[in-house]
Protein chains: 2
Amino acid sequence: MNSEVTKYGRKEDCPLTFALTLIGSKWRLPIIWALWQDKTLRYNELKRRVDGITNMVLSSSLKEMENQGLVVRKQYMEIPPRVEYSLTKAGEDLIPSLESLAKWGKSMQNIRIENT
Amino acid sequence: MNSEVTKYGRKEDCPLTFALTLIGSKWRLPIIWALWQDKTLRYNELKRRVDGITNMVLSSSLKEMENQGLVVRKQYMEIPPRVEYSLTKAGEDLIPSLESLAKWGKSMQNIRIENT
DNA sequence: TGAGTAAGTCAGTAAAAACTGAGTAAAAGG
DNA sequence: CCTTTTACTCAGTTTTTACTGACTTACTCA
């Protein structure tokens with residue numbers, strides 16, 4: 001038995017599993033990626049940038065991501081309403097890990113192509 | 001517009017989205033993690049290590065992960081049958097990214113606790 | 001006056017992922 | 001002889017996740 005390995009009795013306590021609950025569903029990465037590229041986007045801009053997402057999923061995702069501390073929502077008291085979304089510091093801190101994962105993903109895609 | 005940013009018309013072509021298809025479902029990380037710790041495990045050992053997984057999910061996951069090049073299946077022609085699973089090189093290459101992601105996840109868990 | 005834009009909400013439905021519980025063959029151990 | 005172990009497989013069902021399409025309020029532009 002490797003004593004340096006931390007055991008998590010309940011899967012939910014594992015930081016890695018927890019991280020996946022934050023970014024693992026279908027639309028999380030596209031949203032994060034759009035906000036990372038453009039820094040700040042209004043609701044409908046974001047919707048246009050994240051192709052195919054529905055209002056339902058976008059609005060509920062943003063709400064959850066705000067609660068989770070990934071995204072900031074800034075509302076201006078104007079008419080017509082203006083709401084701007086951007087990544088928090090914590091959200092930005094995620095980017096290097098995503099880039100590392102993307103690098104790995106790319107190498108896996110290449111393997112598939114090579115073996116075809 | 002940031003010219004250094006690669007655009008992927010179809011989400012499926014994005015290496016990051018692709019990576020998540022390999023590790024994003026509920027039981028992939030627990031399986032990978034168990035194989036990373038123990039290097040080689042037989043089917044039922046793995047099942048015991050990954051608490052709560054069903055045969056259905058474990059066997060189909062292993063089959064897919066083998067096709068995807070994450071896992072090697074080594075079968076010995078013995079009775080009773082013996083089958084051993086382990087990570088491929090590509091599977092092991094994933095670990096650093098996961099550790100980075102876990103680190104981020106841990107910091108997010110701490111924030112939650114602090115704010116409670 | 002009618003259309004378009006803003007930022008969403010909502011009920012209902014479809015699709016995807018996971019779970020339940022049983023079953024298989026052949027052999028070892030009590 | 002009866003139970004357990006091995007490595008699975010399968011039909012059927014539940015749970016989770018995402019999609020559909022319509023609707024809201026208040027303003028601007030033609």
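Below, chain A is the first sequence line, B the second, and so on; all start at residue 1.
Here the P atom of nucleotide D:dC8 and the CG atom of B:L46 are 11 Å apart, to the nearest Å. C:dA6 atom P lies 11 Å from atom NZ of A:K47, rounded to whole Å. Distance CD1 (B:I53) to P (D:dC8): 13 Å, rounded to an integer number of Å.
Among all heavy-atom pairs drawn from A:L20 and B:I23, the shortest one is CD1-O, 3.4 Å.
Counting non-hydrogen atoms of other residues, nucleotides and ligands closer than 6.0 Å to NZ of B:K39 gives a total above 12.
Counting non-hydrogen atoms under 4.0 angstrom, A:R48 reaches the backbone sugars and phosphates but no base. B:Y85 comes within 4.0 angstrom of sugar-phosphate atoms only, judged by non-hydrogen atoms across all strands, and of no base.
Inspection of the B:Y85 and B:D38 side chains reveals no N or O donor paired with an N or O acceptor under 3.5 Å.
When the side-chain nitrogen and oxygen atoms of A:K26 are compared with OP1 and OP2 of D:dC19, one or more of them lie within a distance under 4.0 Å. For C:dG8, neither phosphate oxygen OP1 nor OP2 lies less than 4.0 angstrom from any side-chain nitrogen or oxygen of A:R82.
The side chain of A:T54 has D:dT20 as its nearest neighbour among D:dA11, D:dT20, D:dC8. Of the candidate nucleotides D:dA11, C:dA6, C:dG8, C:dA6 has the atom nearest to the side chain of A:R42. Relative to the side chain of B:W27, the nucleotides C:dA18, D:dA18, D:dT20 differ in distance, and C:dA18 lies closest. For B:S59, whose side chain is taken as the heavy atoms from C-beta onward, the closest listed nucleotide among D:dA7, D:dT20, D:dT9 is D:dT9. Among C:dG8, D:dA7, C:dA17, the nucleotide with an atom closest to any side-chain atom of A:N55 is C:dG8. Listed nucleotides D:dT6, D:dC8, C:dC10 differ in distance to B:V83; the shortest reach to its side chain belongs to D:dC8.
Partners of B:R82 according to the side chain to side chain contact (heavy atoms under 4.5 Å, CB included) rule, which considers only residues two or more places apart in sequence or in another chain, are B:R42, B:Y76, B:E78, B:E84.
The partner of D:dA30, taking Watson-Crick or G-U wobble pairs whose two distances both stay under 3.5 Å, is C:dT1.
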